[in-house]
Amino acid sequence: LNSLRQEFERLTLEIIGLAGKRTNLVEEIAVEKIQRGLTLVNREVERNLRIKVVEQCVKNDQNPEFALRLVNQLIMESISKQESHFEKQEFVSAYDIFVKANNMEREGREVIHLEVGEPDFGPPVAVAESLTKAVVKGHGGYTQSSGILALRQKIVEYVNQKHDQNITADQVIITVGGRFAIYLSLVTSLRPGDEVIVIDPSYPAYSDCIKQAGGRPVHITTQLADKWNLNLNQLEESINQTTKMIILNSPNSPSGKTLDDSTLEKIAELSLENDIRIVSDEVYSEFSLEPHVSILQFPCNQIYVNSFSKTFGMTGFRLGYAISDAETIQKITKLQNISLTCVPEFIQYAGITALDCLNEAEGYVNEIKIRQAAVSKRLESLPVSFYRPDGGFYLFPRLNNETTNGSEFAERLLMERRIAVVPGTAYGKQFSQFFRISVCQPVERLMESVNRMEEILE
Ligand SMILES: Cc1ncc(COP(=O)(O)O)c(C=O)c1O
């Protein structure tokens with residue numbers, strides 16, 4: 001054992017020494033890249049490296065799986081070292097703007113909030129009543145970590161009917177909002193060095209959660225000029241042996257784009273061929289102009305995420321859910337159990353009532369559609385370009401004037417006209433000319449806001 005341990009130690013020190021030499025090279029490469037005006041990441045160089053790693057593994061009769069993950073971890077380390085040499089891009093999130101706007105309000109200045117994705121109509125009255133009743137009745141204890149059976153069964157009925165499925169209650173977990181469902185799904189599925197494809201523009205939490213899990217977000221982008229259509233060839237080209245997940249968001253925040261049947265079918269096929277799991281964030285599903293198509297309708301390895309926040313105006317209730325195969329749900333449940341035990345029981349009871357209020361929710365959805373159409377029409381007379389959304393409750397215009405950008409515009413709009421919007425870079429650094437508007441305000445306030453935008457853009 002002693003001699004084996006000595007050899008073990010020698011090899012470990014050798015690896016550490018080599019990693020140090022590699023890091024020194026990384027710094028030199030960064031300087032060269034900047035001098036030559038090259039980008040920080042070069043996927044072609046990485047691809048060639050992976051080919052060589054696999055060849056060596058095959059020659060040495062070594063499983064390439066671990067080696068490739070290790071290579072990705074080294075690449076991630078190199079990128080973070082090199083990043084400091086490149087110009088840092090300013091990044092302002094919806095939350096940053098929200099806090100700034102709140103501070104202005106505390107100073108007595110009124111702000112119109114078009115930054116947060118929070119329905120202004122609040123939950124149906126029956127939901128509030130059932131929450132109080134649940135507390136009075138003593139439903140304030142711990143529950144199963146996956147959530148109370150009655151709510152899971154209610155979700156099963158709703159989803160099975162909507163998407164013609166045969167899901168069972170053991171395939172559902174109730175989570176603290178859709179956001180935590182996303183976090184749990186990624187953290188339980190990923191290992192350090194795994195790659196996850198994220199389609200930009202994207203909800204920033206995806207990238208953050210992937211990194212939190214030690215994974216590597218690989219961003220592919222859609223373009224306004226292509227009507228935000230996903231280029232399936234680009235998606236396919238981004239897949240390699242370390243790709244473990246693809247995150248979908250339809251309808252998309254911020255672009256309002258939905259993924260149609262044939263695109264979802266192709267993505268599902270690609271995921272099966274390459275043994276990739278799909279996380280499908282469908283929190284805006286009820287806000288689709290056309291009947292919503294879900295990933296659930298396509299055979300593939302998937303985790304479906306939805307929430308009560310948007311459909312029922314229940315953002316502060318923090319109630320969401322995930323659906324997958326029973327084994328995956330068990331794994332996710334274990335992490336929920338470790339981290340926060342369960343969603344408060346009375347809130348889960350309110351969720352049962354919410355699902356009985358779908359008619360009321362439909363009223364909210366129709367109101368959002370009317371607002372989106374009104375803002376779209378009004379925006380046409382402003383110097384911006386945008387796609388008329390297929391769903392969701394945002395608009396994502398691009399400023400035609402290249403002498404300013406989304407961040408400057410958002411800053412001026414807030415400081416000079418007291419309207420809060422989110423700069424496009426929150427959803428991908430390439431969207432510096434864009435800004436996001438949420439239509440979660442009455443139509444008159446929305447129209448007043450666009451008038452003030454026009455004043456700034458004149
Ligand atoms: C795309 C997307 N997914 C998920 C969420 C999470 O919502 P919640 O955690 O309130 O359910 C949001 C919230 O803004 C979102 O925009």
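All ligand and atom numbering here is 1-based and tracks the order in the structure.
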Does ligand 1 have an atom under 4.0 Å from some heavy atom of Thr315?
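It does not, in that no heavy atom of Thr315 comes within the 4.0 Å cut-off of ligand 1.
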Mark up the atoms of ligand 1 that fall under 4.0 Å of a heavy atom belonging to [X], in ascending order.
X: Asp281; value: 1 (C), 2 (C), 3 (N), 4 (C)
X: Tyr206; value: 1 (C)
X: Gly178; value: 8 (P), 9 (O), 11 (O)
X: Arg318; value: 8 (P), 9 (O), 10 (O)
X: Ser309; value: 8 (P), 10 (O), 11 (O)
X: Asn249; value: 1 (C)

How are the rings of [X] and [Y] set relative to one another: parallel (under 30°), tilted (30 to 60°) or perpendicular (over 60°)?
X: Tyr183; Y: Phe180; result: parallel
X: Phe396; Y: Phe434; result: parallel
X: His139; Y: Tyr349; result: parallel

Part of Tyr284 within contact of ligand 1 (heavy atoms, under 4.0 Å)
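Tyr284 to ligand 1: side-chain contact only, backbone stays beyond 4.0 Å.
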Would you kindly specify which portion of Tyr95 sits under 4.0 Å from ligand 1, judged on non-hydrogen atoms: side chain, backbone, both or neither?
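Under 4.0 Å from ligand 1, Tyr95 contributes no heavy atoms.
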Excluding sequence neighbours, so at least two apart, what forms side-chain contact (heavy atoms from CB on, under 4.5 Å) with Ser130?
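By the side-chain contact (heavy atoms from CB on, under 4.5 Å) rule, Ser130 matches Ala350, Thr353.
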Can you list every side chain to side chain donor-acceptor pair (under 3.5 Å) pair that touches residues 363-380, not counting sequence neighbours?
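Sorted pair list: Asp120-Arg371, Glu367-Arg371, Arg378-Ser381, Arg378-Asn451, Arg378-Glu454, Glu380-Arg388.
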Decide whether an N or O pair under 3.5 Å exists between Lys310 and ligand 1.
yes
For atom CD of Glu290, decide whether the heavy atoms of other residues, nucleotides or ligands shown that lie under 6.0 angstrom number more than 12.
no
Residue pair Arg191, Glu65: steps toward the side-chain contact (heavy atoms from CB on, under 4.5 Å) verdict:
CA-CA 11 Å; Arg191 285 177 304 172; Glu65 195 273 334; 2.6 Å; yes
